[in-house]
Structures are given as structure tokens and as C-alpha cells.
Amino acid sequence: MKKLMLGNEAFARGLYEAGCKLVSSYPGTPSTEITEEVAKYDEVYAEWAPNEKVAMEAALGASIAGARSFCGMKHVGLNVAADPLYTAAYTGVNGGMVIAVADDQGMHSSQNEQDSRHHAIASKVPMLEPSDSAECRDFVKLAYDISEQFDTPVIVRMSTRVAHSQSIVDTEERVELELKEYTKNPRKYVMMPAFAKGRHVFVEERTKKLAEYAETSALNRIENSESKELGIITNGAAYQYVKEALGDSAAVLKLGMVNPLPEKLIHDFCAEYERIIVVEELDGIIESHCRNIGVTNVEGKSIFGNIGEISSAQIRKAVLGTENESTVLEEEIPVRPPVMCAGCPHRGLFYCLKKLDITVSGDIGCYTLGAAAPLNAVDTTICMGASISALHGFNKVRGSESEHKTVAVIGDSTFMHSGMTGLVNIAYNNSNSTVIILDNSITGMTGHQQNPTTGKNLKGDPAAAVDLEQLCRAIGIKRVRVVDPYKLAETEAAIKEELTADEASVIISRRPCALLKYVKHNPPFKVDADKCVGCKQCMKLGCPAISIKEGKAVIDHTQCVGCGICMEQCRLGAINE
């Protein structure tokens, strides 16, 4: 049956059809929908893990048990999961194991640009890269075959454009597979040095076999070979840009297997053309491979660079020297930066931190937007969980100079992901640091996924809920308190008090995300124009429901959820219910 599908949806369909039995992932844009979609199939057990490392370890355990398994994550999540990945390359698999990593060229929702092909090369794990939704489904199914044939995990590299674009997919029925027999085999699965040395030999031999496979695999194909002037080598989403820009005017070597890369296939292709251009996003991995195997008539990064996404207009201009006028905009589109939603519980907390001139060690989540104007409250954001660890290091070297005016902020899901160990470090090493956990009862930035604190699992069924207060006390933090960020005076007082204390403390800023369906909102507020003097104090909150018109504050009743923090901070009483 033919169906229009997002790349992530088609990926999930491939998992289902291939007989995958266990899925364990951590949400991360642009990979999240793969796991959300596969969870709709009752034949597949699917879960959100606390972080990507745990997810990959669970998937590897299921593979060793004899099942086809999967774990998914975004590019920075693969950094977290690198420890089990590199060892899984040595242990190999029993049932097939597929890993999705979604790169974010252009940093649409990420703190860095990262080319995950480097992880595949370094870990010596094969990597496939689809270019559209149909290939997402097909490549996943083929990845399981490769995994079991070559005794290896297989990474499928997605990108924002492929993950979130739609194309036609031919669906098939699920193949239900029996568990493969599990046989105790310490030399394969116990990676102590004596056994790991032997497995390293296996990995190198496997890599040679995979390279031979890449030479003839249908994953790599040549199109428009009759063209003799220009040859294009490309992969992933860049293939779509090439087709759009050049049509059939150039020969194209499309590489669906990006690790290991073929040698003879590329060398023979390049020998047919006067000019070879490699079109690949981010780092010049294919281009460098071409040079390493003796191809001299190749160019790529000198044209396109290694930052951000490549466009069809860039390719057309670089190759043909022309621009498609229909793609050139005469007017500049105004910038529309992301903002915290109206009623976001994080807004009140950041307003208080800004008012108190507190240095803030930030983290990854919706609350990263606290760094944006007009709040400008966040000083650093590094990676998930880093806010707490960085605060500890910051305070240890600056001492009392910073201890009483510096905090870490971290969301409930991020705290469970990788913040707990940082808090253990604070307690264990007697750090006088204040940590604020922003508990909005959900994983917000990636689209409202459950996490270990919410009391529900991926499918929405009841689950054990971590008690943050008890957890923090069990870790060794004696001072733990809860505040409502909609109550500015209460929140401000708590921050002042905990920063005054000469010991570690945790403030839990608890209020559900304003966008959760079960949250009941108050009626919208309004501005008394007679009392408003246009001081713009309310604008310092950065609420998208508030604006200034004709010198007076105005509240958009279609956006306002009646949180009340604007009313609380208006000294003239111009805002009321």
C-alpha cells in the first residue's frame, strides 16, 4: 500500500516491518518521532530511557538475547551513547541491532553542528544514509540484514530535512521473527582485555568485508552515466538538492552506505569525468576519501564549505554559474526568534534571577530560551546535565565570590538524563552550590514526551514516578524546597534564602507546562489603559501575549493563559483579571 509519510514515520514503519521487538530511545529533535511512531505498533515494545547511553545498552541487551532491536537519538545523544557503541562494535550482535542518529545541519534545534559519520568511522560500525522517506523504510530493513550478516550494529544517519519531509512509501506486512538462540559466549560478549583483543581482530576483518560489500551494494548507485563532462558524488539530503539543481545534466554517484566507503566504485566513477564535485553536508569525509584513494580531480568543500545546510541554489550557482530567479527573494524576511510560550512557568523564575542579578549556569531544554532578550538571564549552556557540574567547578575556583550569587538551572527530564551525577558531585565534594530544578512535569522542548518523573511511560500507561525531593535528599542534599514560579515574591524569597545558606541546596520550581492538555487556565488578563503609563515594565517578562500599542501595554486575550505574573510585577495595578 502506498502512503505519504514523514521520514521518521517511514523509519518506524521499517522497524515494524523488519520484525523489531524492542525499541529504547531518548527524545531529541529531529529523531523523536521515530520512537513515537513505532510505539503505535503493539507488536513492538517501545520505551523512553533516561538517556541515550541507557537506551543503547538496553537495545544491545535485547540483541544479545536474540531479538531485533533499535535505539534512536539526535547527534549529540550519540556522544552520550558513545561508550556502549564503541564496545558494541567489538561484541557484535545476535539479533540485528539498528541505531538511528539524526544530525541537525543548520542547527535548527541544537547547540552544535556535528557530523556523526565520524562516530561511525571511529567505532568501525557501518552507516547507511537515506535520502527520502521510501529509503528510510528500505534502508532500515536492509540494515537489519547487514547487522546479522556481518555481526555488527548498524547506524542509520538521518538529518532534519529527511526526518521531517514527506514522500511516498510502499508499505508491506510485518515479518514476525522468532528469537535467535542465546548461547553463553564470554569470548564474544565479555569485553575484558584478554577477550577484547581477539574481538578487535574480528572488527578489522569485518571492516574489510563490509568495504567489499560497499563496492557492489545497491545502496550505492550511479545515475545519468551517459553524461561525460561532470560527475557528482553525494549522499543523504544533499542528493535531493543535487537533483533539484541539476536535473539530469550531470552523472551522479549516490552513496547510501557512507561507512565504509567503496574505493573501486568511486575511483572508476571519477575516472570517467573531467570534473568531480562532492556535495555533502558538514565535513568533507567523502571528499577526503576520494583524495586518499588517489582521485585528484575532485572538489567540494572549497565550494560549499563545512558550515550549515547546502541549498539547490548554491549547487546551481557553483556548478552552472546561474541562479534560479524564482528562488531569490526581493524582500528580506523578518527574523522570528523562538520565545517561551505565554504562561511558561520558567518565565517567572528567570525574571526573578534577572532581577536579583544572579549568574546562571544553564542547560538544554525550553529554559535555554532564558538566555534570550529581554530576560537575558542565562550565562552558559553547554550540554545536557552540564549546568550542575559546571556550577560546581565555577564555585570551587571562585569561592564565596560566586557561591552566594550563582545558580544552576536544569529541567526535570534533563536532571534525570544526566544531572543527577552532577548533584552527587556537589554533595560528595561539599560544594556550596544552589541548584534549581525546573519541574514542568514533562519533556517540553522535544514535544511533550513522558520521563521518569511524570508517572507515565511512553504509551501513557501508569509508571513509577521518581520523587525529586526524596531523590535529592537521598543524594545528600539537606536543603530541598519547592516553589511555584507563578508566585514571584515567594520564588524571589526562596532564591535569596538558599543563596545565603553556607551549604548545598536544591530549589524545585514546580508548575506544569502551560501547553499540557490537562492544565486548567485562568481567564485572560487585561490592561487598564487609564492606569497604564507605558513604563514597559511588563515587557521585561518577554511574554508574547503582551505588546505596546500607542504607548500603552496591551494583552492579547487569545494568547494569555492568566498566569498572573505580569499583574504581580505591575506596580501601578494597571493589569487585572
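Bear in mind the structure is a predicted one, so any value in this text is a computation, not a measurement. As a basis for the values below, the full set of heavy atoms in this structure was taken, side chains included, without hydrogen atoms, waters or symmetry mates.
The aromatic ring centres of Y241 and F304 sit 6.0 Å or more apart.
The backbone N or O of D42 lies less than 3.5 Å from no partner atom in the side chain of K459, so there is not a single donor-acceptor pair. At distances below 3.5 Å, at least one donor-acceptor pair connects side-chain atoms of T171 with backbone N or O atoms of M1. Using modelled atom types, one side-chain atom of N94 and one backbone atom of E181 make a donor-acceptor pair closer than 3.5 Å.
One distance of note links CD of Q114 with CD of Q105; it measures 11.0 Å at 0.5 Å rounding. If you take CG on N306 and CD on E281, they are separated by 12.0 Å, rounding to the nearest 0.5 Å. M257 CE to L219 CG: the interatomic distance, rounded to the nearest 0.5 Å, is 7.0 Å. Taken to the nearest 0.5 Å, the CD1 atom of I233 stands 9.5 Å off from the CD atom of E287. Between I285 atom CD1 and E280 atom CD the span is 6.5 Å, to the nearest 0.5 Å. Once rounded to the nearest 0.5 Å, the distance linking CG of L128 with CD1 of I146 reads 4.5 Å.
With hydrogens and angles left out, the side-chain atoms of S109 and T29 include no donor and acceptor closer than 3.5 Å. Residues T446 and Q449 bring a donor and an acceptor atom of their side chains to less than 3.5 Å of each other.
Checked for salt-bridge contact, K40 and E37 meet the test: a charged N lies under 4.0 Å from a carboxylate O. Salt-bridge check for D103 with R157: passed, with a basic side-chain N closer than 4.0 Å to an acidic carboxylate O. Using a 4.0 Å cut-off between a side-chain N of Lys or Arg and a carboxylate O of Asp or Glu, D115 and R117 qualify as a salt bridge. R316 has no carboxylate O lying under 4.0 Å from a charged side-chain N of E244, or vice versa, which leaves the two without a salt bridge. Salt bridge annotation for E204-K124: present, with a cationic side-chain nitrogen under 4.0 angstrom from a carboxylate oxygen. Classification of E9 and R13 as a salt-bridged pair fails, no side-chain N sitting under 4.0 Å from a carboxylate O. Electrostatic pairing of K3 and D170 does not count as a salt bridge here, judged by no charged N lying under 4.0 Å from a carboxylate O. Electrostatic pairing of E205 and K209 does not count as a salt bridge here, judged by no charged N lying under 4.0 Å from a carboxylate O.
No option in M158, M127, H119 other than M127 meets the side chain to side chain contact (heavy atoms under 4.5 Å, CB included) test with V101. Of the residues listed (Y144, Y45, F11), the one engaging F70 in a ring pair (Phe, Tyr, Trp, His ring centres under 6.0 Å) is F11, and it is the only one.
No more than 12 heavy atoms of other residues, nucleotides or ligands lie within 6.0 Å of CZ in R187, so this atom counts as exposed by the packing criterion. Other residues, nucleotides and ligands place more than 12 heavy atoms under 6.0 Å from the CD atom of E176. Within a 6.0 Å sphere centred on CD1 of I307, heavy atoms belonging to other residues, nucleotides or ligands number 12 at most.
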For this session: In sequence, state the C-alpha distance, the side-chain angles, and the governing distance for Y90 and V203, and then conclude on side-chain contact (heavy atoms from CB on, under 4.5 Å).
Result: CA-CA 6 Å; Y90 276 43; V203 168; 3.8 Å; yes
Exercise. Can you check side-chain contact (heavy atoms from CB on, under 4.5 Å) on Q314 and I303, steps first, answer last?
Worked result: CA-CA 9 Å; Q314 282 180 289; I303 301 172; over 6 Å; no
Exercise. Taking it one step at a time, do H417 and E52 satisfy side chain to side chain donor-acceptor pair (under 3.5 Å)?
Worked result: CA-CA 8 Å; H417 176 282; E52 295 87 357; 2.6 Å; yes
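A heavy-atom distance below 4.5 Å is not found between the side chains of E274 and E229. A 4.5 Å side-chain heavy-atom check between L142 and D138 finds every atom pair outside the cut-off. Side-chain contact between E135 and K254 is present, with heavy atoms from C-beta onward closer than 4.5 Å.
Contacts of Y16 classified as ring-ring contact (aromatic ring centres under 6.0 Å, His included), with partners at least two apart in sequence or in another chain: Y41. For E172, the side chain to side chain donor-acceptor pair (under 3.5 Å) test picks out R137, K141, with sequence neighbours left out.
In this structure, R221 forms a cation-pi arrangement with Y239, its terminal cationic atom sitting closer than 6.0 Å to the ring centre and no more than 45° off the ring axis.
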